[in-house]
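Please read these numbers as outputs of a predicted model, since none were measured by experiment. Start at 1 and go down the list; that is how both ligands and their atoms are numbered. All heavy atoms count here, side chains included; hydrogens, waters and symmetry mates do not. Residues: numbered from 1 along the sequence shown.
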Amino acid sequence: MGRDKIEKLWSLIENNYLASDKEALQDSFARHLEYTQSKTRYTTEAFDSYKSCAHVVRDRLMERWNDTNQTYFNDNVKRVYYLSLEFLLGRALSNALLNLGILPEMERALADFGLSHTDLSEIEPDAGLGNGGLGRLAACFLDSMATLQLPGEGYGIRYDYGIFEQKIVNGYQTELPENWLRYGYPFEIIRPEYQYTIHFYGNVSQYQDDQGSLRNDWLNTEKVMALAHDIPIPGYQNDTVNTVRLWSAKSTREFELAEFNIGDYVGAVEGKINSEIISSVLYPKDDIPAGKELRLKQEYFFVSATIQDIIRRHKVKNPSVLNMPDKVAIQLNDTHPALSIAELMRIFVDVEKIGWDKAWELCVPIFAYTNHTMMSEALELWPVDLLSNLLPRHLQIIYEINHRFLNNIRQIYPNEEDKHKRMSIVQELPQKAIRMANLAIIGSHKVNGVSHLHTELIKQKLFADFHDLWPEKFTSKTNGITQRRWLKLANPRLAGLISDTVGENWITDLYELEKLEPYAADASFGEAWQKVKLENKKDLALYIKKQNGIEVNPYSMFDIQIKRIHEYKRQLMNVLHILHLYRQIKNNPTTPIVPRTFIFSGKAAPGYYMAKLIIKLINDVALKINNDPETRDKIKVVFLANYCVSLAQQIFPAADLSEQISTAGMEASGTGNMKFTLNGALTIGTLDGANIEIKEEVGDDNIFIFGLDADQVRDLKTSGYNPLGYLNHSPELHDVLRMLVDGEFSAHKEDLYKPIIESLLYQGDNYMVIADYQSYCNCQQKVASLFQNQAMWTQKSIINTAHVGKFSSDRTIQEYADEVWGVKPVKPKIKQGRKSMK
Ligand code: 26W
């Protein structure tokens, strides 16, 4: 289509806008049901109503989305690109309704049709493109960037299969594929105009160019296409709609034709499927890197498409790549996208023909790297053999980066051979491999941890040599969560009570919740607060009844641990405390006990044997305790299957007690801890990750802290920790463990839990469960006695919520914007005739 035709077309249509009054919404809904989806009175199902509603909302996002993009483009603003292999977005419909400010009107519109937006929202499958903390953080960050009107875009992979669906069968976790795209995803827009060729394998050929310089070409590669799918990310009632762009793999036409021409039709189709496998599944591990070629392919596929897209966009508005650092900031969400550094260098040097030194000078100010884990076994390490085969040119570039870096540090630290070895990007033994974290640090201008403690630990331990060399590179950015999803949407009752009391400004300024503080001691406010919690607990009790068939008492304390199942998170210690209470009741049925409902939810990596055994243990303990007439009215144990964002939104509002009990020094930050606090739960926790900062905010009297701190854990480990020593001094713990050894919970297979006992007693108890056990039980005793004083408990609950302001992801993102990215807010210019929300 010629330019003039396009101009004419748009001059006629761009002043259109869609109204959002009740009638307009109803009209839109009806049109989508019949004309978009071809439905009739005989064929309409619940999913169709959801989809129509989603389309109504999507239409209204479009105008602002286009206006936002055009403003960024026309003003040639500096943008930040958030590169993440994971985005745990959850559901989009209710979030979009809220942020567009049309939730009440939509409710009215649907009510006339006998529908409700909550029912429709629940039909939407979660976009579960992540494992846990890291992926959900990325999703909260997108929400905050849009709400702060920052020109920020997410980049990721459009996996066909997100995190697996967890089913509990006979107490064991089983994994089922989660085909979230099966019936189409109304919030994505395919962008066939943005497709890039991604190269793999092949070889590097050197040649001399006209000026006599040595150049490299990467040749004879296998090719795959990356195809863009965009999802809109609306800010909170502010006209900004940002984007997360997800890549899916497609075979190249060229490849198809070549194969078809040989006459091998079936072989050609097979090959096509093979190349499209790259974006098919999210790796479900968040502890140890998979080390698989397909995962490396995913990482490079993602990185290459993204960097090509960023450069294309840059070049439309700028004369060359030489001013990229003024216009582009790239945040690496862990090392998973760290190949970007090598890819950008490759394009600068091989394609743009920029000299190495200049290229490097452009590269470093563009990148910043966030580390999300202290556990050295979770650091990515790619075998050189794998890289030299799959990405030969990138390996050369990484070697060159390393060579120059080592030359520098040899001058700064002569004769410190060991230090050079530790800092090298290349690990020599036991296997030659590329240390992605070292590459990310050397190639970035900022490196951050995700809480104060975590940042201190990476400075002093994990990356101590780099911190010595570049202290100013390291910075702390305590994680945060978006209060729009985690309070306003998840907990409408509490959100309503808060807004009625202190107004609505907390929705975009979470520090406003401090205004609740004066109400903490107000008896009638306390009663209203308590009532909200009770209603939320009743809702969750209904869900538990429906899912697990277990009757729970909403007046009992809801004691909740929801997160990935990991030994370091110590779900096991929680179970041991439950066994302790169980024994207490059994031995002395008349001891007064505060009734509790213990709720667990979380997935284990499919190959993580111990984590899966812990799930089985929780379910076996639940089965026994819940059915024992002597105990079942006092304690109940519930494992809710298939933990995911939408389930989390139902659980947090109902929590009395938040379990944050990781071994000190091991949880980088935690973000579930913040969601609990926001919803008025009290925390029992160790001095780990962001718990420390939560304690600082809410005050020592309003949180339950127990156990060893990170220094004590380290000291105990270095001085020789012997769990058996503790056991000999604690007959009580001895008896608790005895129950497991004796098969009280595994009648069918007596030695089922032997590996747990072995790991605690004879394999060094790496996560210090035994060392912290007594302190944990004592602390739980204090929790119980406070819970008996409901007025006091409620007061502390209010204070927790009132002091959660710091943990909004809006605060975190503002810090990144100011101190790492150098990006400023941009107000979208709304086309004439369209209505602004402000
Ligand atoms: C390569 C395999 C793999 C995949 C994911 C290794 C490690 C990961 C993540 C780094 C694990 C993760 O999600 N870490 C969590 O990040 C959150 C957000 O910063 C923190 O709040 C959690 O404490 C941290 O465990």
Side-chain angles (χ1 to χ4, degrees), residues 82 84-88 128-141 156-157 159 163 282-292 294-296 298-299 302 331-339 369-382 435-437 440 447-455 457-458 462 476-482 562-570 602-608 611 643 648 660-677 685-686 688-694 710 767 807 809 812-813 816:
Y82 198 83
S84 179
L85 265 282
E86 305 191 10
F87 284 97
L88 208 39
L129 308 182
N131 274 290
L134 163 136
R136 182 55 229 175
L137 184 76
C140 283
F141 280 4
I157 292 182
Y159 302 105
I163 188 68
L282 164 80
Y283 274 84
K285 287 193 179 175
D286 73 344
D287 44 0
I288 293 173
K292 294 270 179 1
L294 182 60
R295 167 74 180 192
L296 184 58
Q298 285 186 337
E299 292 184 357
F302 163 58
Q331 189 67 36
L332 305 174
N333 200 20
D334 218 279
T335 58
H336 317 152
L339 281 172
Y369 154 57
T370 305
N371 171 277
H372 292 269
T373 178
M374 266 305 289
M375 296 201 285
S376 46
E377 63 270 27
L379 294 182
E380 281 191 299
L381 203 57
W382 286 111
R435 296 169 172 146
M436 299 304 276
V447 175
N448 76 283
V450 290
S451 70
H452 286 320
L453 175 68
H454 171 58
T455 306
L457 291 174
I458 64 175
L462 204 56
S476 178
K477 294 283 164 282
T478 299
N479 284 166
I481 56 168
T482 166
I562 46 176
K563 47 180 84 239
R564 283 297 283 246
I565 314 293
H566 247 290
E567 287 166 280
Y568 85 83
K569 295 179 191 280
R570 300 198 293 193
K603 291 173 181 175
Y608 190 168
Y643 186 56
Q660 306 302 332
I661 58 179
S662 52
T663 318
M666 297 201 144
E667 189 69 89
S669 161
T671 45
N673 47 4
M674 302 167 186
K675 294 164 198 166
F676 277 111
T677 306
T686 46
D688 200 13
N691 298 350
I692 298 174
E693 291 160 70
I694 293 178
Y767 303 97
F807 304 103
S809 44
T812 314
I813 285 299
Y816 277 101

Original post:
Which residues satisfy the side chain to side chain donor-acceptor pair (under 3.5 Å) test with R295, sequence neighbours excluded?
Top reply: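 Scan of R295 (side chain to side chain donor-acceptor pair (under 3.5 Å), adjacent residues dropped) gives E299.
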Show me a pair-per-line table, with atom names and distances to 0.1 Å, of protein N or O atoms that are under 3.5 Å from an N or O of ligand 1.
from     : atom 1 : to   : atom 2 : distance (Å)
ligand 1 : 13 (O) : L134 : N      : 3.0
ligand 1 : 14 (N) : H372 : O      : 3.4
ligand 1 : 19 (O) : H372 : ND1    : 2.6
ligand 1 : 19 (O) : N479 : OD1    : 2.8
ligand 1 : 21 (O) : N479 : OD1    : 3.4
ligand 1 : 21 (O) : G670 : N      : 2.8
ligand 1 : 23 (O) : E667 : OE2    : 2.6
ligand 1 : 23 (O) : A668 : N      : 3.3
ligand 1 : 23 (O) : S669 : N      : 3.0
ligand 1 : 23 (O) : G670 : N      : 3.0
ligand 1 : 25 (O) : Y568 : OH     : 3.3
ligand 1 : 25 (O) : E667 : OE2    : 3.0

Subject >> Between N333 and T370, a side-chain donor and acceptor under 3.5 Å >> reply: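 No, T370 and N333 have no side-chain donor paired with an acceptor closer than 3.5 Å.
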Original post:
Without hydrogens or angle criteria, can the side chains of N479 and T671 be said to hold a donor-acceptor pair below 3.5 Å?
Top reply: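 T671 and N479 do not have a side-chain donor-acceptor pair below 3.5 Å.
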Original post:
Under a 4.5 Å cut-off applied to non-hydrogen side-chain atoms, are N131 and L282 in contact?
Top reply: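 Side-chain contact under 4.5 Å: yes.
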Original post:
Between Q298 and H336, is any pair of side-chain heavy atoms under 4.5 Å apart?
Top reply: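 Q298 vs H336: side chains apart.
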Original post:
Does the T482 side chain pair with the main chain of C140, one donor and one acceptor, at a distance under 3.5 Å?
Top reply: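 Side chain of T482 to backbone of C140, a donor-acceptor pair under 3.5 Å: no, none is there.
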